[in-house]
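Below, all heavy atoms of this structure are taken into account, side chains as well, without hydrogens, waters or symmetry copies. None of these values were measured; they are calculated from a predicted model.
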Amino acid sequence: LLEVAVASGAILGGATPDEVKLCETFALNIGLAFQVADDILDVTQSTEELGKTAGKDDAVDKTTYPKLLGLDGARAEAERLVKEAKAALEPFGDRAIPLLALADYIIDRKN
């Protein structure tokens, strides 16, 4: 879903096929980073902080990034994904500032 939204915006904005591909790479990486961050929040935040039931992934024995990589490993993976996402946007310079801010928000959010 993120990939379609970002690619569509790029196409409507007149991006070249190569630029659209860079935007798709960005979207894929921030989508994965969002999932990793969500998994981390599920084990590190309270229900009150999250605004939804905390710990529900563990309660149903769901495979999550913290379960597979450990909490520190999952945090490192989220940071790696955001770094790769941002790298894909380097050719856009200042035009990418809103998307770069979105990438930071994804792993800095608390709920």
Side-chain angles (χ1 to χ4, degrees):
L1 190 57
L2 284 172
E3 192 171 340
V4 170
V6 173
S8 297
I11 291 166
L12 291 172
T16 67
D18 287 341
E19 290 172 330
V20 172
K21 193 70 165 159
L22 291 171
C23 290
E24 289 171 342
T25 298
F26 167 80
L28 175 67
N29 281 300
I30 63 162
L32 289 171
F34 183 92
Q35 183 59 57
V36 176
D38 197 60
D39 289 353
I40 292 167
L41 290 172
D42 190 63
V43 298
T44 61
Q45 302 294 313
S46 69
T47 296
E48 293 76 24
E49 291 167 319
L50 286 177
K52 63 180 185 178
T53 305
K56 64 182 176 180
D57 292 341
D58 194 44
V60 296
D61 200 31
K62 182 178 175 185
T63 301
T64 64
Y65 283 91
K67 188 180 279 187
L68 293 172
L69 305 174
L71 194 52
D72 289 338
R75 285 183 174 130
E77 178 64 4
E79 289 174 9
R80 182 191 70 77
L81 289 163
V82 166
K83 184 177 179 180
E84 286 190 22
K86 288 176 158 186
L89 297 181
E90 284 177 2
F92 295 99
D94 288 346
R95 295 180 296 156
I97 289 174
L99 293 175
L100 296 172
L102 177 64
D104 287 331
Y105 169 76
I106 283 173
I107 59 170
D108 292 338
R109 64 193 175 95
K110 302 299 180 211
N111 60 15

Undergrad: Between Ala88 and Thr25, what is the shortest heavy-atom contact and its length?
TA: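 Shortest heavy-atom contact: CB-CG2, 4.0 Å.
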
Undergrad: Looking at CD1 of Ile97 and CG of Leu102, how far apart are the two atoms once the value is rounded to the nearest 0.5 Å?
TA: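 Here the interatomic distance stands at 14.0 Å.
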
Undergrad: Should Leu22 and Glu90 count as side-chain neighbours, where that means a heavy-atom distance under 4.5 Å?
TA: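 No, every pair of side-chain atoms sits at 4.5 Å or beyond.
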
Undergrad: Measure the CG-CG distance between Leu28 and Leu32 for me, rounded to the nearest 0.5 Å.
TA: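 Answer for the CG-CG pair, Leu28 versus Leu32, is 5.0 Å.
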
Undergrad: Could you state the interatomic distance from NZ (Lys86) to CD1 (Ile30), rounded to the nearest 0.5 Å?
TA: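 It comes to 11.5 Å.
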
Undergrad: Checking Lys56 now: which residues fulfil salt bridge (charged side-chain N to carboxylate O under 4.0 Å, His left out) with it, not counting sequence neighbours?
TA: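 Once residues adjacent in sequence are excluded, Lys56 has no partner under the salt bridge (charged side-chain N to carboxylate O under 4.0 Å, His left out) criterion.
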
Undergrad: Could you walk me through whether Arg80 and Glu84 pass the salt bridge (Lys or Arg N to Asp or Glu O under 4.0 Å) check?
TA: CA-CA 6 Å; Arg80 182 191 70 77; Glu84 286 190 22; 2.4 Å; yes

Undergrad: To the nearest 0.5 angstrom, please state how far the CG atom of Leu100 sits from the CZ atom of Phe26.
TA: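 Rounded to the nearest 0.5 Å, the CG-CZ separation comes out at 6.5 Å.
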
Undergrad: Determine, for Lys52 against Asp42, whether the closest basic-nitrogen to carboxylate-oxygen distance falls under 4.0 angstrom.
TA: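 No, Lys52 and Asp42 are not salt-bridged.
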
Undergrad: Using the test side-chain hydrogen bond (donor to acceptor under 3.5 Å, both in side chains), find all partners of Glu49 that sit at least two apart in sequence or belong to another chain.
TA: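 Scan of Glu49 (side-chain hydrogen bond (donor to acceptor under 3.5 Å, both in side chains), adjacent residues dropped) gives Ser46.
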
Undergrad: If you define the side chain from C-beta out and look only at heavy atoms, does anything of Asp39 sit under 4.5 Å from Glu77?
TA: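 They are not in side-chain contact.
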
Undergrad: Just how far is it from atom CG of Leu2 to atom CG of Asn29, taken to the nearest 0.5 Å?
TA: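 Result: 11.5 Å between the selected atoms.
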
Undergrad: Give the cluster check for Leu41 versus Leu71: same hydrophobic cluster or not, with ILVMFWY residues linked at side-chain heavy-atom distances below 4.5 Å.
TA: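 Leu41 does not cluster with Leu71.
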
Undergrad: Would you say Leu99 ends up clustered with Val82 if hydrophobic residues are merged whenever their side chains have heavy atoms under 4.5 Å apart, either directly or through other cluster members?
TA: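 Val82 clusters together with Leu99.
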
Undergrad: Give the cluster check for Leu89 versus Ile107: same hydrophobic cluster or not, with ILVMFWY residues linked at side-chain heavy-atom distances below 4.5 Å.
TA: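 Leu89 and Ile107: one cluster.
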
Undergrad: Is there a path of hydrophobic side-chain contacts, each under 4.5 Å between heavy atoms, that joins Ile40 and Leu81?
TA: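 Yes, same cluster.
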
Undergrad: Excluding sequence neighbours, so at least two apart, what forms side-chain contact (heavy atoms from CB on, under 4.5 Å) with Ala15?
TA: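 Listed in chain order: Ala10, Glu19, Val20.
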
